[in-house]
Amino acid sequence: QLHVVESGGGLVQPGGSLRLSCAASGATLDYYAIGWFRQAPGKEREGVSCITYTGGSTNFADSVEGRFTISRDNAKNTVYLQMNSLKPEDTAVYYCALDASDSCRLAFLTVWGQGTLVTVSS
């Protein structure tokens, strides 16, 4: 049975960087597109970024363009979200999401895991 765990969150100052990981066990992430969602306090969950099995990526949130980079290591069954130039408004719980159609269409992404908290504050 597929089990997904997000990690890498924490407290960081504005302008800092973090790298989140989405690691799977129990089954392979092969042929899945993997995305990241986030949910800030009091706000709705929003899509952040997605990467297909072959490495095609897309950002759903304009606010992360040029600052966040999604990547994957299929051999390690892991997807990463490199977050640079972090801002207080990036504070949220970040969740990993899977898309069995490998299309990175927002509607096809299903959130897995419990999320990892990112707090950007001085």
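Because the structure is predicted, anything quoted here is derived from the model rather than measured.
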Donor-acceptor under 3.5 Å ([X] side chain, [Y] main chain):
| X | Y | value |
| --- | --- | --- |
| Thr116 | Gly9 | yes |
| Arg72 | Leu29 | yes |
| Gln13 | Ser121 | no |

Return the [atom1] to [atom2] distance between [X] and [Y], rounded to the nearest 0.5 Å.
| X | Y | atom1 | atom2 | answer |
| --- | --- | --- | --- | --- |
| Ser7 | Gln114 | OG | CD | 13.5 Å |
| Leu2 | Ser25 | CG | OG | 7.5 Å |
| Tyr94 | Glu6 | OH | CD | 13.0 Å |
| Leu81 | Ser21 | CG | OG | 9.5 Å |
| Leu86 | Thr91 | CG | OG1 | 8.5 Å |
| Met83 | Arg19 | CE | CZ | 11.5 Å |

Checking side chain to side chain contact (heavy atoms under 4.5 Å, CB included) against Val4, which of Val111, Ile34, Asn77, Leu98 comes through?
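Among Val111, Ile34, Asn77, Leu98, the one meeting side chain to side chain contact (heavy atoms under 4.5 Å, CB included) with Val4 is Leu98.
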
Going through the checks in order, is the side-chain contact (heavy atoms from CB on, under 4.5 Å) test met by Gln82 and Phe68?
CA-CA 5 Å; Gln82 178 68 43; Phe68 290 11; over 6 Å; no

Apply salt bridge (Lys or Arg N to Asp or Glu O under 4.0 Å) to Glu89 and list each qualifying residue two or more places apart in sequence or on a separate chain.
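Salt bridge (Lys or Arg N to Asp or Glu O under 4.0 Å) list for Glu89, sorted by chain: empty.
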
Non-neighbouring partners of Arg105 that pass salt bridge (Lys or Arg N to Asp or Glu O under 4.0 Å), sequence neighbours left out
none

Could you report the tightest heavy-atom contact between Ser85 and Ser17, atom names first, then the distance?
N-OG, 4.3 Å

Nearest heavy-atom pair of Ala27 and Ala24: which atoms, and what distance?
O-CB, 4.2 Å

If hydrophobic clusters are built from ILVMFWY residues whose side chains come within less than 4.5 Å, do Trp112 and Tyr32 share one?
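Hydrophobic grouping puts Trp112 with Tyr32.
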
With Glu46, which residues qualify under side-chain hydrogen bond (donor to acceptor under 3.5 Å, both in side chains), at least two apart?
Arg38

Contacts of Asp30 that satisfy side-chain hydrogen bond (donor to acceptor under 3.5 Å, both in side chains) - sequence neighbours left out:
Thr28

Using the side-chain contact (heavy atoms from CB on, under 4.5 Å) rule, take Leu106 and Phe37 through it: C-alpha gap first, then chi angles, then the decisive distance, then the call.
CA-CA 10 Å; Leu106 200 59; Phe37 280 76; 3.8 Å; yes

Only pairs under 3.5 Å count here: list side-chain donor-acceptor contacts from residues 51-60, not counting sequence neighbours, and write none if there are none.
unit_1 : atom_1 : unit_2 : atom_2 : d
Thr52  : OG1    : Thr54  : OG1    : 3.4
Thr52  : OG1    : Gly55  : N      : 3.4
Thr52  : OG1    : Gly56  : N      : 2.9
Thr52  : OG1    : Gly56  : O      : 3.4
Asn59  : OD1    : Ser49  : OG     : 2.9
Asn59  : ND2    : Glu65  : OE1    : 3.3
Asn59  : ND2    : Glu65  : OE2    : 3.4

Residue pairs passing the disulfide (SG to SG under 2.5 Å) test where at least one lies in residues 8-41, sequence neighbours excluded:
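Listed once each, the pairs are Cys22-Cys96.
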
Measuring only between side-chain heavy atoms, which start at C-beta, is Val118 closer than 4.5 Å to Leu20?
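Touching, per the 4.5 Å side-chain cut-off.
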
